[in-house]
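Take a look at the structure set out below.
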Amino acid sequence: MRRLARHGLLEYRFGRSPDGDAQCVIEPQHADYWPGKPHLGDSDIIVLSRFAYMRRRGDAMVLESPRAGALFQICDPRIAAALVFLSTPQQLKQLRTQDGFLGVELLALLLDCQMLFKTASDGGLRVAEGDDNLVLWDFHDFLFHARSTEGRHANPLGGVYPYAGVIPPPPALRPRWPGTKIDLASDSAADPKAISALAQLLRERHSTRDFDPRRPIKLAELSRFLDGAARVISTWSSRVELGGGGPMVAYASRPYPSAGAAYPLELYLAVHECDGLTNGFYHYDAGGHALAAIAVRPQDLEALLTGAEFAMGARGKPQVLITIAARFSRISWKYSSIAYALILKDVGALLQTFYLMATDMGLGGCAVGSVNIELFAKMTRIEFHIEGSVGQFAIGREAKPDA
């Protein structure tokens, strides 16, 4: 049973409703989930997490949260009613006296999944839940981060063509708007030699999914690539104007643009084949232009590289896989409602910078569409809401096409 649970292959039916069915079904959302029941005393005050939400899934209601290791399929409508009551802090002693009491066991399971949390009072609930980094997350940002990546949910992921038999494929080009057309071709550079070096670089940019194992990238090339695309160029400090005099904030400029000059992105390198560099996992120190080795389990490094190979549809592992991580608080300390969107825009700008730098150096590169945030958290031993992976880029020497 434990082995099945480690792969997220078990569901857990809980309780019995008056008609004999389960009160709820617990569905694991990531591997290693095992139901836990932490102690709850009569004096404990509990409240629903601000990240917990209920929605319709097919013909069922489910309770889930980006923090939770499992979701709860609600089979007994009395549970949904009781959860509404928990939107304000309630002492367990008082809850026991109410009609429709959920029972300590179910409350403990919800507490274990962080659907509920303990609090000392009914004031400052946002600060009371989790750590300072969690305080900075808006609900929609945290949900999008957990559900648009791999590792924290059990939904279908990637290019599975879910609507292939339902809706025809949209056209590659949007149908033209009616009205007078202004032809721009005559104003474009007709002579290929007149095209600027940057414009030519943009046209030559392409994704490389297969790398030549006989010609690995060299450490000097990797150093030049990181220097040109991601190294800190300058640093400065500026005071935040908040009316009464705000704090001083430090900034660092890099070769790509970033919202508010925050530059929250960090680079982690999984090295499979690099001439002059031992295989392993490294953090890139953009300020000092150096690599710091991080001790990880070989099977985790293998899983990271294999996951990228599968996501790219490649015939082998990338020579170097760059995981782009974000220090979320760096953006959310300033921006509200748009923090995670700004991070993803930063990632897009950085990926294009990677592509152009690789093309200029004659190397192959490919952005990877999915990333496992749970695996990255395990390798770095950093909670996924503090510093989490938001993108990946494979780089190496492009394999020559078969003759």
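- Residue pairs satisfying the salt bridge (Lys or Arg N to Asp or Glu O under 4.0 Å) criterion with at least one member in residues 382-398, sequence neighbours excluded, are listed as follows: E221-R397.
- Partners of D59 according to the side-chain contact (heavy atoms from CB on, under 4.5 Å) rule, which considers only residues two or more places apart in sequence or in another chain, do not exist here.
- For residues 223-252, the pairs satisfying ring pair (Phe, Tyr, Trp, His ring centres under 6.0 Å) are F225-F354, W236-Y251, with sequence neighbours left out.
- Under the side-chain contact (heavy atoms from CB on, under 4.5 Å) criterion, E374 pairs with H30, R152, N372, not counting sequence neighbours.
- Under the side-chain contact (heavy atoms from CB on, under 4.5 Å) criterion, E273 pairs with P213, P216, Q319, not counting sequence neighbours.
- Residue V371 comes nearest to T149 through the heavy atom pair O-CB, 3.6 Å, listed as atom of the first residue, atom of the second, then distance.
- Distance alone, capped at 3.5 Å, places no donor-acceptor pair between the H7 side chain and the L9 backbone.
- In this structure R214 satisfies the salt bridge (charged side-chain N to carboxylate O under 4.0 Å, His left out) test together with D212, sequence neighbours excluded.
- Under the rule for a ring pair (Phe, Tyr, Trp, His ring centres under 6.0 Å), Y335 has no partner lying at least two apart in sequence or in another chain.
- How far CD1 of I46 is from OG1 of T119: 11.0 Å, rounded to the nearest 0.5 Å.
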Using residues 157-175 as the side-chain source, report each donor-acceptor pair under 3.5 Å to any protein atom, sequence neighbours left out, with the distance given to one decimal.
none

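- A heavy-atom distance below 4.5 Å is not found between the side chains of L321 and H272.
- A distance-only check finds a donor-acceptor pair linking the side chain of Q29 to the backbone of A154 [under 3.5 Å].
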Can I get a per-line list of side-chain donor-acceptor pairs under 3.5 Å for residues 290-299, giving both atom names and the distance, sequence neighbours left out?
| unit_1 | atom_1 | unit_2 | atom_2 | d |
| --- | --- | --- | --- | --- |
| R297 | NE | D300 | OD2 | 3.1 |
| R297 | NH2 | D300 | OD1 | 3.1 |

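- Using a 30° and 60° split on the angle between ring planes, Y355 and F393 fall in the perpendicular class, above 60°.
- Listed by first then second residue, pairs satisfying salt bridge (Lys or Arg N to Asp or Glu O under 4.0 Å) with a partner in residues 28-45 read D32-K378, D42-R96, D44-K118, not counting sequence neighbours.
- Remark: R330 engages no residue in a salt bridge (charged side-chain N to carboxylate O under 4.0 Å, His left out) (not counting sequence neighbours).
- Checked against a 6.0 Å centroid threshold, the rings of F384 and F142 count as neighbours.
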Per-pair distances, 0.1 Å, donor-acceptor, side chain in residues 125-139, under 3.5 Å, sequence neighbours excluded:
| unit_1 | atom_1 | unit_2 | atom_2 | d |
| --- | --- | --- | --- | --- |
| R126 | NE | V135 | O | 2.8 |
| R126 | NH2 | V135 | O | 3.0 |
| R126 | NH2 | W137 | O | 2.9 |
| R126 | NH2 | D138 | OD1 | 3.3 |
| E129 | OE1 | R50 | N | 3.4 |
| E129 | OE2 | S49 | OG | 2.5 |
| E129 | OE2 | R67 | NH1 | 3.4 |
| D131 | OD1 | N133 | N | 3.1 |
| D131 | OD1 | L134 | N | 2.9 |
| D131 | OD1 | H385 | NE2 | 3.1 |
| D131 | OD2 | H385 | NE2 | 3.0 |
| W137 | NE1 | H385 | O | 2.8 |
| D138 | OD2 | S337 | N | 2.9 |

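- Q200 and E204 are linked by a side-chain donor-acceptor pair at a separation below 3.5 angstrom, with hydrogens and angles left out of the test.
- Here the side chains of Y268 and F376 are in contact, with some heavy-atom distance below 4.5 Å.
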